[in-house]
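Okay, so here's the structure we're looking at.
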Amino acid sequence: TCDPEYYKWNQWLFLKMLEKGIAYKKTQVVNWDPVDQTVLANEQVIDGRGWRSGAPVEKREIPGYYMGITQYADELLDCVSNKLTGWPASVRAMQANWIGKSVGVRFAFPHRIMDAAGKLVGEGKLFVFTTRADTIMGVTFCAVAPEHPLAAVAAARDAKVAAFIADTQHGTVMEADMATMEKKGVATGLFVTHPLTGDKVEVWVGNYVLMTYGDGAVMGVPGHDERDFAFAKKYDLPIKQVIALAKPYSTDAWQSHYGDYGTCIEAGPMNGMDYAAAIDFVAAQTASHGGQKKTQYRLRDWGISRQRYWGTPIPIIHCKDCGDVPVPYEDLPVVLPQDLIPDGSGNPLKKDAAFLNCSCPTCGKPATRETDTMDTFVDSSWYYMRYTSPNNASDYHDKMVGAGNDYWMPMDQYIGGITHAVLHLLYARFWTKVMRDLGMLKFDEPFTNLLCQGMVLNHIYSRKTDKGGIEYFPPADVETIPATTGKPAMYRLKSDGCTVDYGGVGTMSKSKLNGVDPQDMIDHYGADAARLFVMFASPPEQTIEWSSAGVEGTQRYLRRLWNFAHGLQAGMHNAGAVNTALLDVAAKKLRREIHATLKQASYDYTRLQYNTVVSACMKMLNALEENRAGSPAVLREGLMILLRVLYPACPHITWQIWNDLGCHAEFGDLLDAPWPEPDPAALEQDEIEMVVQVNGKLRGQIRVPKDAAKEAIEKLALNDEGVKRHTEGKPVKKLIVVPGKLINVVV
RNA sequence: GCCGGGAUGGCGGAACUGGUAGACGCACGGGACUCAAAAUCCCGCGGUAGCAAUACCGUGCCGGUUCGAUUCCGGCUCUCGGCACCA
């Protein structure tokens, strides 16, 4: 993110997007940290304070630049459902939920409510969005978000409403917590008109209505909506059933089937209509006041402005006369000063005169540069495409990607953390579609197959600071005093001996200081052993709790491999190729084992289950060691297979052994060696071991010739000692033979 | 609350389309080598009973389908991750 080259492309594309209306500037009310002087994300707000500085959060109106990702919501969702078949189902579900498409009707309740200045609020229309317009005749109230303009009007007239709104500003903002929150509200004394019946409907302020979704207002249908039902019960509002239901209905308690679809009843002109007819009717009836069918998304546009100095400068110049003027293309890139020292109080660019002051490109008068920089997700949305043609001309703005991109992209296999399931992976997809629409790419989706490695968890230790923030400590700095009877475990910081709070295990993160530096393990055990250990720990998609227990085992394995290979070295050089005609029973058996294990390992590689590839390598070495006195040709073949299978995990030691054995002279560098193929002839067996069950329980094992007739196998099975013991005196009802595997005798 | 995973020995985990549950490793126990230790090698290692052969039980819980279920179906519990009270 410090490379001026990348700045240039980011800035160039940003200006293109401004021209096309995909990027735009908007002023929004945000959570503002007055100490860090930065916009806070919701999760950075704890109890109304910023989690880093611990200072009370301010609500501020801040201008920022936004990317119109919602313009692409439909296509992004469509591709999730139909194109991204190489992605994990969980990530596809997360993206679909994040986009959150709902289809319904947006319409207005007309009113004559004036604000303090005597102006009609919202031009006399209270807009709401609903997916259940068919229940419109069941409306008994309306509810608006605490931030809604009508709420402000009511608050100015009524202290009770003002107090309620102030109350909702405290407490959590995490939406998952809100899901279990009690539904509360206050009547405003303001009334709007039902667009179909003309009835007066009272407006309430409700803590369960979100200003950020739709118009920040809902129609209240307690008869068929669970939240509205709970709200109506609490405040004694009428509840009306207006949909015919298959199961009984009562207003005593909410039942999940109250939300089912059905035909309209008690609904005047809508009686007897089904859902489709009803929403058409409502859209038509409300059209004169702006009502229409609408698709609403949960996805919001991507705010890219950051109040910090690292990242790509947003290429805009603010002029008193000309307004916000884009930096001319030929002046790109706008680069950052390299000598700034952040002092913890806001963006240092704001104090850097050399960066800040410039002249307006339009009128030439003194002007100032935009000091916000771009979100680093901008860079991660496309950098990999530049890698495919890094030397593409950089003097032309539209050459940010080149011919290499047409060849390499879309990416066959992307491996990334599940932590990026939504944001990064959605932004990168969006960015791809924007570049495509600008004629720079020929594909719709950047990543064909996605593997999300699971998260690595570690213990979390923290303390509350005086300011109300949280200070974290690395697990290595904390000692545990184990629990004894009657006393829970205690945790102390080694440096000062005082207790710290234990937060359980959680995702390793920079802020929680619970990450582990692999360098310690590499220093102790070597890079190959560290790599092998991590691969062996679990399948990559699984979440794991970090533990270094067992790394000695992988180091021991590599030492055994080294010793085995070098112990055989002398005999290996003259071993020659395997002559299958001359092999004894033991050599055949070893060869079969190596090739069967190779087959399994190859399959596990393709299904990305690397932990069992490692165990396959361990099995191969075990088999080779057991036969260390056997045929040198077979041993050499086996070891060469093992080295190639192990190579991706342990490139250093396998490469060295390969050379020490002289394989490089004969077969070329290990780097260029092809993946070994199992020899079908090696897998063939003259005799097969089969398992015999009686009533599904294992009772014996038999060896049969590989082409034995079914009758012969059955006879052998029934004569097995263990089988006889369990079938004696009982007539055999049925015999099931699974070729090459087992026989089940049913008695 | 909703969505998506997961649950198998003391631990990490294996079992590819229903067919020998516990591969491979860690830890542990016993032994060999050694003056001793480290390193290395060998043996054992789900539970219960038994000297043993062996028998019974056993993949979160309850039930079903099947000759046979860790695997399929129905209903739960716990847990991890994500989230959206989304109208």
Side-chain angles (χ1 to χ4, degrees), chain A residues 88-98 100-102 104-106 128-133 135 143 174-183 206-210 212-221 225-228 230-231 296-298 418-419 421-422 454-455 457 505-507 533 536-539 541-545 547-554 556-557 559-560 563 597 599-600 603-604 606-607 609 611-619 622 625 689-701 722 725-726 733-736 738 740-747:
Chain A
S90 57
V91 176
R92 293 168 73 186
M94 273 192 240
Q95 294 224 342
N97 288 342
W98 190 268
K101 178 179 182 173
S102 17
V105 179
R106 180 177 183 258
V128 298
F129 173 74
T130 178
T131 53
R132 290 301 303 270
T135 65
M174 295 295 282
E175 288 166 18
D177 296 335
M178 290 174 70
T180 49
M181 211 160 89
E182 195 190 352
K183 285 150 194 56
N207 67 344
Y208 68 99
V209 184
L210 303 175
T212 48
Y213 186 79
D215 294 279
V218 297
M219 64 177 198
V221 185
D225 181 275
E226 186 173 2
R227 290 153 307 156
D228 295 343
F231 194 78
Q296 183 78 42
Y297 296 94
R298 175 194 170 267
I418 185 82
T419 37
V422 180
M455 288 182 293
L457 313 180
V505 289
T507 320
F533 170 67
F536 187 44
S538 82
E541 285 187 280
Q542 200 161 304
T543 302
I544 59 162
E545 195 176 313
S547 159
S548 59
V551 64
E552 291 90 348
T554 51
R556 197 149 49 214
Y557 169 74
R559 199 184 297 140
R560 267 175 57 208
N563 291 339
T597 309
K599 196 178 166 191
Q600 182 68 49
Y603 175 70
D604 287 344
T606 62
R607 61 171 178 156
Q609 188 171 290
N611 57 326
T612 49
V613 173
V614 177
S615 92
C617 291
M618 291 173 168
K619 272 183 180 170
N622 288 349
E625 280 194 322
E689 198 156 271
M690 290 184 79
V691 164
V692 192
Q693 299 180 333
V694 178
N695 289 345
K697 288 194 173 185
L698 177 68
R699 296 303 181 190
Q701 288 177 352
R725 214 175 25 246
H726 290 272
K733 277 201 247 169
K734 205 169 171 186
L735 262 176
I736 291 140
V738 183
K741 277 194 174 150
L742 63 68
I743 303 108
N744 192 12
V745 184
V746 186
V747 295

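Protein chains get the first letters and strands the later ones, always in sequence-line order, with residue 1 at the start of each.
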Assign Asn611(A) to base, sugar-phosphate, or nothing according to its heavy-atom contacts below 4.0 angstrom with the strands shown. sugar-phosphate

Rounded to whole Å, the CD-C1' distance (Glu552(A) to G12(B)) equals 14 Å

Separation of C26(B) atom P from Met618(A) atom CE, nearest Å, is 7 Å

Base, sugar-phosphate or nothing for Ser615(A)? Non-hydrogen atoms, less than 4.0 Å. base

Reckon Glu226(A) touches a base, only the sugar-phosphate, or nothing at all at heavy-atom distances under 4.0 Å? nothing

Side chain of Arg227(A), heavy atoms from C-beta onward: which of C86(B), G82(B), G25(B) has the nearest atom to it? C86(B)

Against the side chain of Ser538(A), the closest entry in U20(B), G19(B), G13(B) is G13(B)

Have a look at Gly214(A) and say if it touches a base, only the backbone sugar-phosphate, or nothing, with a 4.0 Å heavy-atom cut-off. nothing

Any idea which of G4(B), C86(B), C56(B) is nearest the Arg699(A) side chain? C56(B)

For Tyr213(A) and Ser102(A), the nearest pair of non-hydrogen atoms, with its separation, is OH-OG, 2.9 Å

Closest nucleotide among A55(B), C83(B), A14(B) to the His726(A) side chain: A55(B)

Distance, nearest 0.5 Å, that separates CD1 of Ile544(A) from CE of Met455(A): 11.5 Å

Can you find a side-chain donor-acceptor pair between Asn611(A) and Ser538(A) that sits under 3.5 Å? no

With a 4.0 Å cut-off on heavy atoms, is Val746(A) in touch with a base, just the backbone sugar-phosphate, or nothing at all? sugar-phosphate

Closest of C26(B), A87(B), C41(B) to the Arg560(A) side chain is C41(B)

Given the 90°-from-0 boundary between syn and anti, G9(B) should be labelled syn

Please pick, from C85(B), A14(B), G12(B), the nucleotide with the shortest atom-to-atom distance to any side-chain atom of Pro539(A). A14(B)

Could Arg106(A) and Asp215(A) be called an ion pair, given the rule that one side-chain N must be under 4.0 Å from one carboxylate O? yes

Donor/acceptor link under 3.5 angstrom from Arg559(A) side chain onto base of A39(B): no

Gln600(A) vs Thr597(A), side-chain hydrogen bond (donor to acceptor under 3.5 Å, both in side chains): CA-CA, chis, key distance, verdict: CA-CA 5 Å; Gln600(A) 182 68 49; Thr597(A) 309; over 6 Å; no

In whole Å, I'd like the distance from the CD atom of Gln600(A) to the P atom of A15(B). 7 Å

